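Here's the structure, in structure tokens; my notes come after.
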Amino acid sequence: MAMERTYIMIKPDGVQRGIVGNIVSRFETKGYKLSAMKTKMASKELLDQHYKDLVEKPFFPKLREYMMSGPVVCMVWEGKEAVTTGRKMLGATNPLASEPGTIRGDFCIEVGRNICHGSDSVENAEREIGLWFGEGEVLDWDSHSKDWIYE
Ligand code: DAT
Ligand code: MG
């Protein structure tokens, strides 16, 4: 079975508003495996790399300022189709277009305060995990639930 890892990050508004537990709980109860988690203050350089395709956009300075305004929670979740499913669980980039039941659909209103990030491809997930986590921080472990989650 092809297992994937995705990089999920709770942005400063998600941390400030106390939504960390709810977001972690959704991925946990879905059946995904937590491979890494930590709090961090994002640096300008790290954000420029993370959002490398967006640095020329007019909204980028505000996005960077928002992302540096407080701690973020960095996580790696692992499981079958974790990247695509993680994006579905987050909802659309613009929270007003996100379906109820998704994280953005349930908890936020504006695109500039959309509380979470999720990798959009397996390739980008690997790149982002490498940016936000150091050697040895992402763990490979066996979940005792795996035979109850996967056939
Ligand atoms: P996503 O976070 O859904 O992958 P993205 O990678 O296109 O979306 O953009 C990264 C973040 O940048 C997004 O979560 C919020 C912000 N952003 C995107 N488009 C924007 C816009 N038109 N105006 C303001 N902020 C925007
Ligand atoms: Mg993106």
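What you are looking at is a predicted structure, and each value in this text was computed from that prediction instead of being measured. We count ligands from 1, going down the list as the structure has it; atoms in each ligand are counted the same way.
Closer than 4.0 angstrom to ligand 1 lie heavy atoms from Lys11, Tyr51, Leu54, Phe59, Leu63, Arg87, Thr93, Arg104, Val111, Asn114.
Taking the centre and axis of the six-membered ring of Trp77, the NZ or CZ atom of Lys33 falls outside the cone set by 45° and 6.0 Å.
Salt bridge Glu126/Arg5: absent, no basic N to carboxylate O contact under 4.0 Å.
Under the side-chain hydrogen bond (donor to acceptor under 3.5 Å, both in side chains) criterion, the residue pairs touching residues 83-103 are Tyr32-Thr85, with sequence neighbours excluded.
Looking only at atom types and distance, the side chain of Asp13 has a donor-acceptor partner in the side chain of Tyr66 under 3.5 Å away.
The shortest side-chain heavy-atom distance between Ile19 and Ile10 does not fall under the 4.5 Å cut-off.
Summarising the geometry of Ile103 relative to Cys116, their closest heavy-atom pair is CG2-SG, 3.9 Å, with the distance given to 0.1 Å.
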